[in-house]
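The structure appears below as structure tokens.
In what follows, every chain begins at residue 1, and chains take the letters A, B, ... in the order their sequences are listed. Fair warning: this is a prediction, and the values are worked out from it, not measured in the lab.
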Amino acid sequence: MPIRNNIEQDGRERVLDIRGLTVGFERDRQMVPAVRDISLHVDRGSTVVVVGESGSGKSVTSLSIMRLIEYGGGRILGGEMRFRRTGGNVIDLAQASDETMRQVRGAEIGMIFQEPMTSLNPVLTVGEQIVEAILLHQRRSAPEALKEAQATLDRVRIPDAARVMRRYPHELSGGMRQRVMIAIALSCRPQLLIADEPTTALDVTVQAQILHLIRELQREMQMGVLLITHDMGVVAESADRVLVMRRGDLVEENETRALFAAPAHPYTRALMAAVPKLGAMSGTDQPARFELVREQLVEPAGAPVAMPDDALDPSTRSVAPALSDAPAKKPDVVLSVRELVTRFDVRSGFFSRVRRRVHAVERVSFDLYAGETLGLVGESGCGKTTTGRSLLQLVQPDSGSIYFDGVDLARRDRRSSRLLRRNIQLVFQDPFASLNPRMRIGDAIMEPMIVQGIASGRDAQRRAATLLEKVGLDASMARRWPHQLSGGQRQRICIARALSTDPRVLVADESVSALDVSIQAQIVNLLIDLQRDLGIACLFISHDMAVVERISHRVAVMYLGQVVEIGPRRAVFENPQHAYTRKLMAAVPIADPTRRRHAAPPLVELPSPVRDVGDEPVVAPLVEVGPGHFVARHWVGGSY
Amino acid sequence: MRPEDQVLMTSAFFHFLRRYPTVAVGGLLMLLLVLIAIFAPWLGTHDPTQIAPLYRTRSPSAQFWFGTDLLGRDVYSRVLYGTRVSLTVGFSVAVLSTAIGAVIGVIAGFVRWLDVVIMRIMDGFMSMPTILLAIALIALWHESMRTVILAITIVEIPRVVRLVRGVVLSLREQAFVEAAVTAGASPWRIMYRHIFPNTVAALIVQGTYILGVSILAEASLSFIGAGVPPITPSWGNIMAEGRALWQIRPHLIGFPAAFLSVTILSVNMLGDGLRDALDPRMSKED
Amino acid sequence: APAATGKLPVLHYVAEADLAGLDPIWSTAYITQMYAELVYDTLFAYDEHYTVQLQMLSDAKTSADGKTWTLTLRQGLTFHDGQPVRSIDCAASIRRWGSRDTLGQELMKATDDIATPDSQTLVFKLRKPFPLLPSALGKVASSMACIMPERLAKIDSHTQITEAIGSGPYKFAKDKWVSGSTAVFERFDGYQPRPGAGSFATGGKVAQLSQVIWKTIPDAATSTAALQAGEIDGLQTVSSDFLPVLAADPSLQIVKSTVATIPIMRFNALYPPFDNPAIRRAILSVIDQTEFMTALMGTDNKSYWQSGVGVFSPGSPMANDAGLGVMKGASPANIAAAKQMIKDAGYKGEKVVLLDPADYPASHMPAMVAADLLKKLGMNVDVQTMDWGTLMQRRASQNPPASGGWNMHFTTISGMNNFDPAGHLALRANGKQGWFGWPTSEKIETLRQAWFDAPDQATRKKLCVELQMQVWQDVPYIPLGAYYNASAFRRGWTGISTQMPLFYNLRRT
Amino acid sequence: MIAYVLRRIFSAIPVMLFVAFFVFALLSFAPGDPAALLAGENATPDDIARIRANLGLDQPFFTRFFHWIWRVLHGDLGTSLFTGQTVGHMIAQRLAPTFSLMVLTMIVSVVIAIPAGAWAAWWHNRWNDRLVMLWAVLSFSIPSFVVGYILAWIFGLKLRWLPVQGYVQFDQGLWASIQTLILPAFALGAVYVGLITRFTRSTLIETLSQDYVRTARAKGVSNRRILFRHALKNAAVPIVTVVGSGVALLISGTVVTETVFAIPGLGRLTVDAILRRDYPVIQGVILLFSFLYVLVNLAVDLLYTVFDPRIKY
Ligand SMILES: Nc1ncnc2c1ncn2[C@@H]1O[C@H](COP(=O)(O)OP(=O)(O)OP(=O)(O)O)[C@@H](O)[C@H]1O
Ligand SMILES: Nc1ncnc2c1ncn2[C@@H]1O[C@H](COP(=O)(O)OP(=O)(O)OP(=O)(O)O)[C@@H](O)[C@H]1O
Ligand SMILES: [Mg+2]
Ligand SMILES: [Mg+2]
């Protein structure tokens with residue numbers, strides 16, 4: 001249905017023009033809007049980025065453009081979405097028939113979904129999935145489509161594309177899957193690409209590659225890009241224009257530089273303040289809290305009910321000064337890891353023999369001091385989580401020892417396991433999964449106290465309430481079920497549970513990765529406060545370098561199961577010695593549009609930690625390059 | 001009770017009905033059947049065991065609402081009393097097999113070294129046809145409702161065990177179980193506090209399925225002469241005894257079959273609905 | 001001739017039960033006897049007037065003192081394996097039969113030796129005259145003295161013979177036998193029928209069918225439907241309730257058997273309360289055969305059953321109505337009187353274990369009626385339901401009822417067994433040696449022995465009246481009436497025998 | 001893979017031994033005496049005792065069991081007490097009817113149930129869905145013998161399209177043979193169809209809400225292709241599991257169906273053997289059933305690898 005043939009402005013072709021889009025979901029037989037009166041437009045060759053807090057309606061907006069929201073139970077309640085088709089005629093997507101939408105989808109609008117891991121069909125080969133898209137929308141013979149698909153895969157820089165075409169999604173790494181998704185979205189050369197958080201789950205090196213790729217393809221095909229993200233570094237690097245959403249409303253829209261320079265809306269200001277910036281800590285030795293701006297928002301009438309409690313978070317109330325830089329007295333070693341090795345068997349073949357092994361952790365050694373945070377960074381899959389789980393004996397290490405107060409925990413006897421459970425706690429990588437869906441929050445927090453005999457009954461309830469308040473939640477939350485909380489709230493519940501037995505060591509595994517920056521900052525502050533108050537030693541696992549910089553006293557860098565660099569945070573960040581550490585630092589996007597990088601990031605596929613049985617990896621020895629700063633020295637060309 | 005409260009309660013009730021129509025309809029039918037079972041002596045028009053050869057195989061009439069059977073017994077009264085047998089068999093088998101199966105399944109799923117042994121034994125039981133086992137058991141003790149219940153239960157237990165074990169195996173890998181381990185919870189505590197509650201939804205569905213299947217199985221057993229004693233009125237017995245005549249005396253099969261279908265229908269509706277209604281995650285609508 | 005055989009029709013017939021075994025001596029099951037009638041032949045046989053005739057024999061002579069019988073075989077008789085029938089085959093076969101059949105045992109007791117002077121001649125040397133010798137050797141349908149090759153006949157009578165080689169008009173096609181489903185009989189071209197028309201089990205037994213196919217259809221509804229749909233030609237047993245429907249179907253004909261089946265109530269005379277004849281008599285007094293028969297057969301089919309049945313099969317030569325009045329029926333007054341009798345007899349409320357085979361209607365229905373009756377009499381009834389297989393074992397147990405035994409069970413006696421005292425097992429009163437129930441009554445045994453020794457039919461009839469009167473005194477069992485099996489055939493089949501299912505002389509027109 | 005299959009088959013041996021022992025024990029302690037049945041109505045207790053001795057039934061339990069196991073290990077399943085035929089022969093005669101019935105039932109059921117379930121899932125919560133579900137629940141709430149009688153009456157007696165009973169072997173005409181199996185297959189399949197339909201529906205509803213289905217929609221894939229290519233293949237593993245575990249249901253069901261339609265199959269043989277206490281036959285059939293069950297489970301597990309590339313052995 002052509003509306004207007006010409007929606008050009010500013011001399012550029014406008015691909016998409018949304019006016020007053022309102023989308024709602026049915027709740028209790030009433031339509032509750034999730035997105036209200038949004039207007040935005042995307043031009044050819046330009047990138048529009050949508051940022052905003054979790055649950056603000058970003059994904060809903062993107063799904064509405066594709067008219068896929070109906071399959072999730074939503075309904076477009078009003079507004080128009082003019083889209084310029086390849087032929088040049090303009091239609092209103094909000095009114096288009098199913099058949100028209102089928103033609104538009106894939107062919108003219110490509111979409112990369114928020115969760116790349118689950119968005120590929122697990123039982124079809126990668127090739128089949130790309131070819132399908134091509135065959136559907138282009139008049140191609142099957143062999144031609146196959147060639148085309150392979151070319152697209154090449155374009156997204158997947159090595160050995162011909163072979164990858166025959167593989168299934170589960171046989172690919174996360175980064176490769178992400179690129180396959182992009183290949184599908186791009187295979188028909190769409191006018192418009194919608195990318196919803198395309199890099200959330202990825203680490204910085206892969207993220208950099210993917211963003212660069214999208215930019216390049218965009219330039220090549222002149223497509224409009226609508227990018228959704230919560231990473232302000234990504235925004236600064238890619239966006240032409242930025243839109244800020246909050247609770248279903250568009251609260252601010254501006255050119256990227258202008259927005260970063262002068263955020264107008266209070267929420268945008270709060271967001272900007274919470275952005276961790278790599279290098280912000282240079283010149284200091286001690287961790288520092290984030291300085292947060294207390295939002296002063298007037299609630300618009302009729303706002304959606306899903307209102308995060310974070311606005312009332314006590315930890316956001318004051319602007320905290322950086323901790324004193326005064327060097328602490330030499331603390332005691334609480335946990336000492338020596339030569340830890342953890343491997344997983346991969347069985348295959350006729351008799352299910354162990355043919356290969358995953359060398360997840362290879363002879364890792366480090367000490368953890370009381371009151372100290374050791375940051376553990378490294379590429380996805382390098383063995384960070386496994387290290388943490390080995391410490392807690394959740395996986396049985398193959399060899400090595402873990403001393404806590406001089407007791408070897410790997411002995412797994414009664415005494416060591418009591419010591420372990422009492423004193424070392426873990427915050428799991430996925431907070432939702434680590435909460436029993438049929439156990440109320442309060443019971444979850446009380447459980448460790450009860451089973452350890454620390455408290456019971458009323459006493460335990462009182463302690464749970466205190467803990468909830470300590471992590472900035474209301475004590476009444478104890479009555480809720482896990483699914484009734486937001487991601488950020490669940491994250492804090494897990495921290496509260498981990499703290500309930502007054503542990504001396506806390507292992508925090510990616511405790512902030514899935515959160516938007518404002519909540520992330522609150523949690524970091526909380527951990528810093530707790531450490532200061534209780535003297536907890538913390539192993540902080542993360543792939544976000546900026547956050548690690550903020551919170552750590554010391555940092556360890558892992559690569560393929562080995563620690564390749566470890567030392568004081570300042571030394572490692574300001575003077576990285578290992579090549580891998582430097583690469584990691586270089587890949588971190590900088591949340592400053594004025595410092596945009598244009599060079600293509602180096603393309604690296606992480607070598608696999610899976611090796612044949614008997615093929616033991618060489619563990620490079622660590623040498624001291626500065627006070628307490630060790631670096632792996634590799635055997636290169638006959639000498640170290 | 002104040003009238004406002006009454007209004008509130010009624011509206012809450014209607015709200016529930018609207019939200020879970022299947023539970024409501026299934027529940028009402030089930031309630032009706034339970035009431036029939038309880039009040040069978042008062043609802044019946046004749047003594048269900050009183051034989052009267054002179055009145056055999058009469059068609060439905062004002063005197064015999066559902067007609068009479070081969071010994072002249074009143075089918076209407078027998079069908080009402082049959083509700084007792086069928087519901088007793090159904091509920092006993094469902095409760096017994098889900099309870100026993102859940103315990104064995106949780107243990108098998110959680111205690112690695114027992115798993116193999118338990119599952120082999122379960123495979124063994126599962127591979128025996130129900131009917132065969134029932135006949136053998138009935139031959140061993142004599143025909144009674146207890147034997148029928150036992151025979152069906154034995155065959156249904158492995159099904160529950162498999163289901164529960166499967167759920168447990170996947171739950172065991174879940175982070176929240178590891179979280180409990182980290183908290184220092186004992187294996188027993190983990191089993192009953194963390195794993196078991198998460199198998200309940202699957203158990204309810206399986207339990208209601210078994211309830212239906214066992215009522216059917218009771219009828220099939222009667223069909224080949226291995227059910228509850230023929231003196232005891234049960235739907236299976238009425239159908240089995242009258243089946244040869246079904247062409248000329250369809251009431252002998254029709255009435256009990258109708259009751260049986262309605263029962264199984266209601267049980268299924270109840271099960272499917274309950275699963276949704278009891279799951280804290282499914283109540284996200286409010 | 002084979003060419004002619006090809007044109008002969010095939011009969012698809014649903015027999016009452018599955019052919020379980022192939023040895024008619026080893027197993028006394030009725031279906032095995034039906035099979036034996038097809039496959040085997042006997043030396044003598046009954047005609048339709050129930051008089052004994054020569055069958056395989058051309059001649060039979062008895063000496064003046066009655067102690068020597070000389071039997072001569074017909075010429076040209078062959079077994080299905082092509083071997084001729086010789087006198088030694090007959091002698092071995094008779095010995096094997098004689099070790100199992102009751103009448104055969106009587107004959108063997110009287111026999112000194114069976115000589116075989118030549119291949120066609122058989123000489124019985126007896127210790128005392130045995131006038132019933134032809135009747136015994138000519139038994140039909142119940143444990144008949146079938147003639148088989150000597151090598152098979154030498155096998156112990158308690159071990160099953162699994163070959164089916166007889167000299168009857170049909171061969172058993174063992175390779176086509178699917179137990180539980182189909183048994184196939186093929187015309188035996190080498191059979192030598194007697195000249196003349198066929199009459200019951202004797203005369204010209206001419207096989208007019210190329211094949212007789214027995215199908216086992218365990219479900220009555222299905223077998224009836226199969227007949228209606230024309231998938232089978234004959235159905236041995238029609239459920240009484242279907243009689244009106246099938247009779248109304250113009251494509252079908254109903255054939256009523258002339259030999260009655262008698263359902264009986266059997267007491268265990270070893271244990272209280274039924275070790276006391278007075279209590280048995282009390283129960284006898286309230287029996288109403290009509291009630292039992294209606295329960296079994298319905299009210300609409302009066303021509304297929306009868307009450308007023310005594311000890312011997314109605315219509316048979318020995319049947320009489322002596323003392324039938326003892327069964328007065330279950331009127332309230334009679335019940336009250338019987339209650340008193342039971343009390344006077346010293347009934348102390350012992351449990352009565354009543355075996356109820358649920359899968360066997362002919363016994364299940366009477367059991368239900370009887371249970372009801374016993375309750376009315378104030379007896380403490382324990383109805384134990386079981387399958388027929390269990391019942392067969394259970395009733396053989398002489399243990400006390402509380403530990404695996406029983407007090408009362410129901411069965412049917414049928415065919416020509418109960419034509420006279422010879423094969424009438426329920427009549428026996430020889431204690432623990434006897435048939436299940438083990439009653440003891442010297443008077444009955446004496447009368448029975450006298451019957452064997454009686455010189456003529458008139459004396460026998462008189463003895464049978466006495467026997468019946470004695471049965472009402474000692475009550476070893478109670479007859480509950482008699483019914484006549486109805487079978488159904490599609491129209492066009494003629495020559496259907498009414499005594500029992502026989503397949504020679506049966507043909508399609 | 002081959003080694004996996006072999007390992008699975010070998011691991012079935014303890015299962016089968018367990019079943020054999022269990023059934024043997026059950027039967028040995030159960031009352032009922034084949035000798036009494038064999039001897040017939042007119043036999044005396046003495047006859048029965050002698051027959052029992054000849055059959056070796058008077059031996060102690062363990063002697064008999066080990067005797068039997070010993071012979072089975074030598075490939076001899078024994079001889080029927082009644083017919084004198086070898087158990088192997090009797091089972092062989094019965095295999096074809098039961099298997100063709102079961103296979104036909106499975107084909108018919110799957111062909112009906114999966115599209116029906118898919119249709120219901122697609123129209124989730126609409127009237128089409130409700131209708132299919134009502135039908136599915138009804139189909140497993142009516143005893144199969146009732147279904148059998150009704151089918152036989154309509155299609156056999158009234159319309160005369162199909163035979164009301166019996167079985168024709170394949171070698172006597174494939175179509176004639178299938179004709180005899182159609183009604184039994186529908187009667188036997190009623191429960192099975194209901195089960196699979198419901199299960200297909202619920203699995204598909206879940207699958208259709210998965211992200212990759214959304215991806216397929218975003219590609220512009222047609223509805224039918226989404227349902228049958230993207231969703232169904234993903235739902236296949238649980239569906240195949242139910243289809244497989246339903247075979248146990250079919251095995252039990254054959255007993256009744258074969259009785260109603262007078263099919264000379266294993267189910268009927270089992271019941272007959274039990275009712276007659278024909279011990280060698282019972283044992284043989286049970287062994288066969290448990291082996292069959294193991295094979296079905298194995299087939300199901302192997303099918304998993306066909307539908308789900310993530311599963312490997
Ligand atoms: N299928 C649905 N049914 C009901 N409500 C929904 C549904 N999908 C989204 N919502 C609601 O709509 C609102 C916006 O959700 P949306 O997924 O667009 O958030 P988002 O901005 O993408 O957040 P995130 O950064 O976490 O991805 C939320 O309040 C959410 O609860
Ligand atoms: N249970 C397991 N069985 C087999 N391999 C495993 C198992 N757990 C982890 N691995 C493998 O061990 C390696 C290290 O995994 P780990 O989870 O420790 O990585 P990570 O550094 O935490 O990655 P991420 O940043 O993605 O969380 C990976 O290659 C992973 O595939
Ligand atoms: Mg989103
Ligand atoms: Mg990890």
Side-chain angles (χ1 to χ4, degrees), chain A residues 62-63 65-73 98-125 128-130 132-137 166-171 180-181 184-185 187-188 190 194 346-353, chain D residues 1-11 121-126 203-241 298 301-313:
Chain A
S62 66
L63 288 171
I65 297 171
M66 288 293 260
R67 285 272 303 281
L68 289 172
I69 196 71
E70 287 133 64
Y71 296 100
D98 279 355
E99 190 46 40
T100 316
M101 280 318 295
R102 271 214 320 110
Q103 287 163 9
V104 169
R105 284 185 205 135
E108 297 170 33
I109 309 178
M111 180 145 182
I112 303 168
F113 290 100
Q114 191 165 3
E115 284 95 19
M117 298 304 179
T118 54
S119 293
L120 289 175
N121 194 325
V123 301
L124 300 179
T125 61
E128 284 175 302
Q129 299 191 46
I130 306 175
E132 180 177 47
I134 297 172
L135 283 177
L136 274 170
H137 299 296
R166 287 197 297 274
R167 294 216 226 152
Y168 289 94
H170 73 276
E171 295 170 323
V180 170
M181 266 308 289
I184 291 176
S187 63
C188 294
I194 303 173
V346 180
R347 291 171 189 279
S348 65
F350 269 17
F351 293 99
S352 291
R353 288 227 190 81
Chain D
M1 186 81 145
I2 296 164
Y4 172 77
V5 171
L6 288 180
R7 197 154 40 93
R8 281 285 296 264
I9 291 179
F10 277 116
S11 75
W122 189 263
W123 297 109
H124 182 35
N125 272 343
R126 309 273 190 81
T203 314
L204 268 181
I205 286 174
E206 184 159 347
T207 312
L208 282 173
S209 70
Q210 296 291 313
D211 286 352
Y212 49 78
V213 170
R214 197 175 57 184
T215 308
R217 287 204 172 99
K219 283 196 280 189
V221 176
S222 71
N223 287 350
R224 186 187 319 163
R225 204 175 153 84
I226 285 178
L227 193 56
F228 287 101
R229 187 163 167 79
H230 288 266
L232 203 53
K233 201 174 173 201
N234 271 288
V237 164
I239 293 175
V240 164
T241 312
L298 178 61
D301 285 350
L302 292 181
L303 268 184
Y304 286 172
T305 62
V306 173
F307 290 114
D308 192 338
R310 285 166 295 189
I311 298 173
K312 282 214 175 66
Y313 301 113

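Atoms CZ and CG, on D:Arg214 and A:Leu63 in that order, are 5.0 Å from each other to the nearest 0.5 Å.
Under the 4.0 Å criterion applied to side-chain N and carboxylate O atoms, A:Glu128 and D:Arg229 are assigned as salt-bridge partners.
Residue contact with chain A, scored on non-hydrogen atoms closer than 4.5 Å, involves the backbone and the side chain of D:Val221 alike. Of the atoms belonging to A:Ile194, not a single heavy atom falls under 4.5 Å from chain D. With a 4.5 Å cut-off on non-hydrogen atoms, A:Gln129 touches chain D through its backbone and its side chain both. Both the backbone and the side chain of D:Ser222 come within contact range of chain A, with heavy atoms under 4.5 Å apart.
Between the side chain of A:Ser119 and the backbone N or O of D:Thr215, no donor-acceptor pair lies under 3.5 Å. With hydrogens and angles ignored, the 3.5 Å screen pairs no side-chain donor or acceptor of D:Lys219 with any backbone N or O of A:Glu132.
Considering only heavy-atom pairs separated by less than 4.5 Å from chain A, the leading option among D:Ala236, D:Ala218, D:Ala231 is D:Ala218. Among the candidates A:Cys188, A:Pro190, A:Pro122, the residue making the largest number of heavy-atom pairs closer than 4.5 Å to chain D is A:Pro122.
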